Amino acid sequence: MKRQQGAVLIMVLWLAIVMTVLVTVMAANIRLSATTAFHHQEGVREYADMISALNRAEMELILERMPVPADQPMELNEFGEQPEPLNRYNGQALTLHYPAPENTEIRIIDHAGKINLNRINANNLRLLIENRLGPGFDPREVQAYMAAWSDWVDLNSLVTPGGGAEDDYYLEQDPPYRARNNPDLESVDEILLIRGFAELFAGVNLDAAFTVYGNSRNGAVNPNLATREALALLPGMDAELIEEILAYRQTRDIRNIPQIGEIIPLEQLEEVSPWLEIGWSSTFSVYVYPKEASLSEGEETEVDAESENLSTTSGTVPGTAVHQIIEVDRGTARGRVFKADPYAPLPDLRPPQLEDD
């Protein structure tokens with residue numbers, strides 16, 4: 001009898017243990033499901049906010065193409081000059097006419113602030129390559145890059161001596177592909193397919209530095225709009241001068257190239273002036289990302305070399321953002337989207353990094 005009672009007791013204990021385990025597992029599954037549903041809901045809401053912000057940024061660009069009302073008051077800066085409204089599309093944080101969701105930050109960059117690979121001439125390309133290679137470059141190496149570029153954009157399959165490459169070379173790559181043999185690149189990433197250029201521009205944010213849209217002169221950039229990445233590639237520029245230009249244009253428009261002489265020494269101005277022109281395009285890069293990670297004006301910043309995030313005293317700008325390249329050329333129709341990337345690397349959006357005197 002006692003044995004039977006003991007067996008029953010053991011069975012009850014085991015049943016209690018099993019039930020406890022089952023309840024614990026079920027509770028954990030319910031908690032996991034609830035957490036997953038919550039994050040899914042948050043993700044859907046954030047995605048909807050990003051799309052809304054992109055649409056409102058497009059509307060802002062369309063409004064920019066509409067005629068200015070005759071009764072609109074004229075605003076002057078401290079120098080008595082009327083600011084050019086198109087110069088605000090230089091990557092600064094924007095407040096739109098139709099406000100975007102409060103938790104999003106919007107940056108727009110006119111592609112006139114980037115080096116146009118489809119408009120650059122041979123001489124400027126050579127100077128760009130030489131500047132990228134640095135002092136003491138080997139002329140034969142420069143010639144190899146020029147030959148490879150020429151073979152990529154020409155209309156024939158003849159190999160240029162001294163480093164050129166056509167289908168025979170590219171079909172041996174992994175994966176294999178063919179030479180463009182067309183003067184117009186379809187995207188800035190295409191430059192990485194040209195023999196040697198992936199190594200030449202390693203570490204460069206290509207979307208921030210280059211464009212293949214617009215009609216700029218010989219790849220020249222508008223200094224009011226130029227990105228840090230584009231300016232860093234130009235002959236005659238150094239880190240200090242780049243920050244000086246970024247700081248200058250915060251308070252005053254650069255209206256002509258000689259005006260840059262107020263910032264750049266004459267010797268360096270002679271080098272960089274062929275790369276500069278005052279003009280605008282109808283193609284824009286729109287970046288949208290969560291506002292809680294936005295970069296506030298005046299914050300101390302530094303670049304995290306490993307993550308490439310922009311660190312601030314209150315947080316970090318995310319390394320990626322929703323990115324859209326859009327053409328808006330009139331105020332009566334929606335824009336034409338050339339590229340969309342939900343995880344695009346952000347340009348360097350820090351405020352001017354001037355050293356205190």
Side-chain angles (χ1 to χ4, degrees), residues 46-114 116 207-208 211-216 221-227 230 246 249-255 277-291 294-297 321-342 344 346-347 349 351:
E46 183 175 293
Y47 176 76
D49 288 342
M50 297 296 107
I51 298 302
S52 175
L54 285 174
N55 290 333
R56 291 166 191 258
E58 180 184 353
M59 187 62 197
E60 187 78 8
L61 295 172
I62 293 174
L63 288 172
E64 202 71 68
R65 299 299 182 191
M66 294 180 179
V68 178
D71 60 347
Q72 179 171 312
M74 180 182 298
E75 297 182 2
L76 302 179
N77 61 20
E78 60 183 291
F79 302 98
E81 302 166 339
Q82 183 178 12
E84 171 54 62
L86 292 175
N87 285 343
R88 64 196 182 103
Y89 299 127
N90 60 5
Q92 63 182 284
L94 295 175
T95 300
L96 308 182
H97 287 85
Y98 293 91
E102 293 184 356
N103 63 330
T104 58
E105 188 83 277
I106 296 176
R107 312 266 183 157
I108 301 178
I109 299 176
D110 188 328
H111 278 221
K114 303 180 182 183
N116 194 322
D207 271 319
T211 182
V212 293
Y213 308 107
N215 293 300
S216 65
V221 302
N222 184 336
N224 294 292
L225 306 169
T227 62
L246 296 179
R249 75 189 193 187
Q250 282 190 326
T251 58
R252 189 176 187 184
D253 289 339
I254 300 171
R255 299 180 180 275
E277 69 173 1
I278 307 302
W280 300 267
S281 78
S282 57
T283 306
F284 305 86
S285 282
V286 180
Y287 294 93
V288 179
Y289 56 89
K291 195 170 187 176
S294 65
L295 185 65
S296 300
E297 296 296 331
V322 178
H323 175 217
Q324 190 175 87
I325 297 178
I326 184 171
E327 179 186 47
V328 179
D329 57 4
R330 58 188 184 275
T332 57
R334 295 201 61 176
R336 176 187 178 191
V337 177
F338 291 120
K339 178 181 179 179
D341 186 350
L346 274 166
L349 300 175

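Excluded from the calculations below are hydrogen atoms, water molecules and symmetry mates; all remaining heavy atoms, backbone and side chain alike, are included. None of these values were measured; they are calculated from a predicted model.
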Report yes if the side chains of [X] and [Y] come closer than 4.5 Å at any heavy-atom pair, otherwise no.
X      : Y      : value
Arg249 : Pro223 : no
Asn90  : Asn224 : no
Val286 : Arg56  : no
Asn222 : Asn87  : yes
Ile109 : Tyr287 : yes
Glu58  : Ile326 : yes

Mind listing the closest non-hydrogen atom pair of [X] and [Y] along with its distance?
X      : Y      : answer
Ala53  : Pro101 : N-CD, 4.2 Å
Arg334 : Asn55  : NH2-OD1, 3.6 Å
Leu63  : His97  : CD1-CB, 3.9 Å
Gln82  : Asp253 : O-OD2, 4.3 Å
Val221 : Ala226 : CG2-CB, 4.2 Å
Glu60  : Tyr89  : CG-OH, 3.6 Å

| remark: side-chain hydrogen bond (donor to acceptor under 3.5 Å, both in side chains) test vs Ser285 passes for just one of Lys114, Lys339, Gln324, namely Lys114
| field | Of Asp110, Asn116, Asp329, the residue whose pairing with Ser281 passes side-chain hydrogen bond (donor to acceptor under 3.5 Å, both in side chains) | value | Asp110
| Counting N and O atoms only, with roles assigned by atom type, does the side chain of Thr283 sit under 3.5 Å from a partner on the main chain of Tyr213, one being a donor and the other an acceptor? | no
| said: For Arg330, is there any backbone N or O sitting under 3.5 Å from a side-chain donor or acceptor partner on Arg65? | reply: no
Using 0.5 Å steps for rounding, measure from the [atom1] atom of [X] to the [atom2] atom of [Y].
X      : Y      : atom1 : atom2 : value
Leu246 : Thr227 : CG    : OG1   : 9.0 Å
Leu86  : Ser282 : CG    : OG    : 11.0 Å
Ile108 : Ile106 : CD1   : CD1   : 6.5 Å

| said: Checking Thr211 against His111: is there a side-chain donor and acceptor pair closer than 3.5 Å? | reply: yes
| said: Does Arg336, at its CZ atom, have more than 12 non-hydrogen atoms belonging to other residues, nucleotides or ligands within less than 6.0 Å? | reply: no
| message | With side chain to side chain contact (heavy atoms under 4.5 Å, CB included) as the criterion, how do Arg255 and Ile278 come out once you've worked through the C-alpha distance, each side chain's angles and the decisive distance to 0.1 Å? | response | CA-CA 7 Å; Arg255 299 180 180 275; Ile278 307 302; over 6 Å; no
